[in-house]
Amino acid sequence: NVHVLTISTKLLDMAHSARLLLVLCALSNVCGLFRDGFEVVETGPGGFFGAVVDETTGTAWFGVDDSPARIIRVNLDTMQITGKLELHPDEQRLWCFVKLGSYGYVGVESPGGRLVGIDLDKMDRLGYSTASKYPLLAGTVIQNYGYFSAGSNPSTVMRLHLLQMQHGECKDWSSCRYEVSLNQGEEAVRAMFSDAEEKHLFLAMYTVPGRIIKMEVPSLNRISDLQLHAGEDKLLCGTRYLEAGLFGTATSPGQLIKVDLRSMTRVSSLHFISGEDRPASLVVHGKYVFVGFGSAWAEGTSSVVKVDIERMVRVAAVVTRQGQTWLYTGLGYKSWGFFGTRGTATTKHATIVRLNLQPTFPGVPVPPTFNESGATWITLNWLREYPEYHNGGAPIIGARVLLRPANHHDWTSEHVYGYAAPDPAAPKDRIIRVHEEPLRLTDHGYVATVDELAPETAYKFAVILTNEVGPS
């Protein structure tokens, strides 16, 4: 497809008083890191909070933070809802959701400390246990144990023997439950996960500044902690990548903190841009993490940003549809990422958004515009305000500039003028000149100077961008 913008502006060079009449256009194809589908669920003002997945069957269960709380079962391959379960009327709001075998365990806000058991295959409520006086804010499963944090001050962390609970072997509650208290001021654990060897538990604290606590499992002995820098406040999410932990701050804009889990040292951080507030969900896929934000842009949308974990740089991003905001839930399956949104007082529903995480061709380049010109030359740029939202899910590695006389009606290979950077997808016998090094492109320096133009002549210009998949 050719997207054409016609400009009939005189470009005056003060020395030569020459004119170049420009017709500017851009060539494009399909855009991606792209929205692959979505499923709308009626929720009222509630939304999705917590999810578990069975990767062998492609089935996921999403918790609905509503009154009463609910569970939605989804076939991830077809994006079809295959089951629904509503908890008891007094079991309201949903904070955490874990899975062991075919059983799920849901921590609700009210009644405080209640953990509800669910047969995930039959979508039946099995019963409940009162694990604490306070709501269970976060949880994870390590081997046969469930580990949960309670929203007390200071927080408590408990170990529940879920397998014994499933077998009805917890008549003596003390034999299945063990609890320790954190230090004073350490309240609100908002995420927890284990290391690869399942020997340690890591807690992300919603404190100012944020703090990460490392505990031994199953003993729950405290090993060490790491207090983050000033401004790296209120950890809202956390996950593991190899030997590193990734943590998102509930700040505006948000930050992503990378920590070496073995030495408990801070490695690096990434500051997001304005509007990318409160990173709330993290989906690791390969060497990238896809960050969903717990915020809403002015247009009633939110975004997912792809981050290169090794380099800690933003690589690509995508905007959700209008009304799809507050991405507090995320999980990965195959080459997809699934993000659960929250309903509002006006929408009355929430959405499960599926994203294809594999890169595709770059998105539509903006029509090139001119910066300055002379008698026989013009400097063009095709800059965008948020270039990572349009690169197809992978960095731009080449840019091809085309021009032709305005009275020519078709683009052919003879119209390749040159390259803002070497374009691996371009016909090699047509390279005339290279203007910029590829490194400039990684900094979004999408600029080229076109010379040897005839004065008083109308031209059409186009730009083709290339990423690792191919040209736009």
Side-chain angles (χ1 to χ4, degrees), residues 33 138 140 188-193 195 202-214 225-297 302-320 325-332 337-340 355 357 359 386-389 391 393-395 442-443:
L33 163 74
T140 191
V189 179
R190 297 304 297 268
M192 59 172 59
F193 59 89
D195 55 13
F202 299 90
L203 312 178
M205 306 299 300
Y206 198 75
T207 55
V208 179
R211 180 174 297 177
I212 302 159
I213 298 174
K214 182 177 183 178
D225 62 75
L226 172 65
Q227 182 163 302
L228 300 180
H229 294 175
E232 298 175 344
D233 301 335
K234 299 181 178 179
L235 300 182
L236 192 57
C237 59
T239 191
R240 179 180 60 83
Y241 169 74
L242 301 179
E243 300 297 337
L246 303 172
F247 301 89
T249 65
T251 54
S252 300
Q255 300 178 61
L256 186 67
I257 313 299
K258 182 178 178 181
V259 172
D260 187 317
L261 298 177
R262 296 163 297 184
S263 62
M264 286 293 284
T265 55
R266 184 184 181 280
V267 177
S268 58
S269 65
L270 169 64
H271 290 249
F272 294 103
I273 64 174
S274 178
E276 295 172 349
D277 304 333
R278 296 173 59 85
S281 53
L282 304 173
V283 175
V284 174
H285 182 72
K287 66 175 184 178
Y288 302 101
V289 61
F290 295 80
V291 184
F293 292 90
S295 59
W297 290 40
S302 192
S303 59
V304 176
V305 172
K306 178 181 179 180
V307 175
D308 184 318
I309 301 174
E310 297 295 336
R311 298 187 298 138
M312 287 294 282
V313 295
R314 298 165 75 253
V315 174
V318 64
V319 177
T320 62
T325 58
W326 310 102
L327 310 181
Y328 276 92
T329 297
L331 61 84
F338 299 82
F339 294 87
L355 300 182
L357 303 182
Y386 301 109
E388 298 95 339
Y389 281 79
N391 62 13
T442 63
D443 295 328

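Residue indices begin at 1 and follow the sequence shown. Heavy atoms only: backbone and side chains are in, while hydrogens, waters and symmetry mates are out.
Considering only heavy atoms from C-beta on, Pro253 stays 4.5 Å or farther from His271 through its side chain. Proximity of Leu246 to Val307: side-chain heavy atoms (C-beta onward) are nowhere separated by under 4.5 Å.
Between the SG atom of Cys237 and the CZ atom of Phe193 there is a distance of 10.0 Å, given to the nearest 0.5 Å. Between Glu232 atom CD and Leu256 atom CG the span is 10.5 Å, to the nearest 0.5 Å. Separation of atoms OG (Ser281) and OH (Tyr328) is listed at 10.0 Å; rounding is to 0.5 Å. With rounding to the nearest 0.5 angstrom, the CD1 atom of Ile213 is 4.5 Å from the CE atom of Met205. For the atom pair NZ of Lys306 and NE2 of His285, the computed distance is 8.0 Å after rounding to the nearest 0.5 Å. Put simply, NZ on Lys287 and CG on Leu242 are 12.0 Å apart, with the number rounded to the nearest 0.5 Å.
Across Pro279 and Gly254, no two heavy atoms sit closer than the pair CD-CA, 3.5 Å. What you find for Ala280 and Leu327 is that their closest heavy atoms are CB-O, 3.7 Å. Taking all atoms of both residues into account, the shortest heavy-atom contact from Val189 to Ala138 is O-CB, 3.5 Å.
Judged by distance alone, with hydrogens and angles left aside, the side-chain atoms of Ser295 form a donor-acceptor pair with the main-chain N or O of Asp277 at under 3.5 Å.
Sorted by first and then second residue, the side-chain hydrogen bond (donor to acceptor under 3.5 Å, both in side chains) pairs involving residues 237-246 (not counting sequence neighbours) are Tyr241-Glu310.
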**Q.** Full working for side chain to side chain contact (heavy atoms under 4.5 Å, CB included) between Phe247 and Arg190
**A.** CA-CA 10 Å; Phe247 301 89; Arg190 297 304 297 268; over 6 Å; no
Q: Go through the steps to decide whether Leu235 and Leu228 satisfy the test side chain to side chain contact (heavy atoms under 4.5 Å, CB included), and finish with yes or no.
A: CA-CA 10 Å; Leu235 300 182; Leu228 300 180; 3.8 Å; yes
Q: Run the numbers on Arg314 and Ile273 for side chain to side chain contact (heavy atoms under 4.5 Å, CB included), then give the verdict.
A: CA-CA 10 Å; Arg314 298 165 75 253; Ile273 64 174; 3.5 Å; yes
Q. Does the side chain to side chain contact (heavy atoms under 4.5 Å, CB included) test come out yes or no for Asp308 and Tyr288, once each step is laid out?
A. CA-CA 5 Å; Asp308 184 318; Tyr288 302 101; 4.1 Å; yes
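Every residue meeting the side-chain contact (heavy atoms from CB on, under 4.5 Å) condition with Thr251, not counting sequence neighbours, appears here in chain and number order: Asp233, Thr249, Gln255. Contacts of Ser263 classified as side-chain hydrogen bond (donor to acceptor under 3.5 Å, both in side chains), with partners at least two apart in sequence or in another chain: Thr265.
Ring geometry, Phe293 versus Phe272: the interplanar angle exceeds 60°, so the pair is classed perpendicular (tilted spans 30 to 60°).
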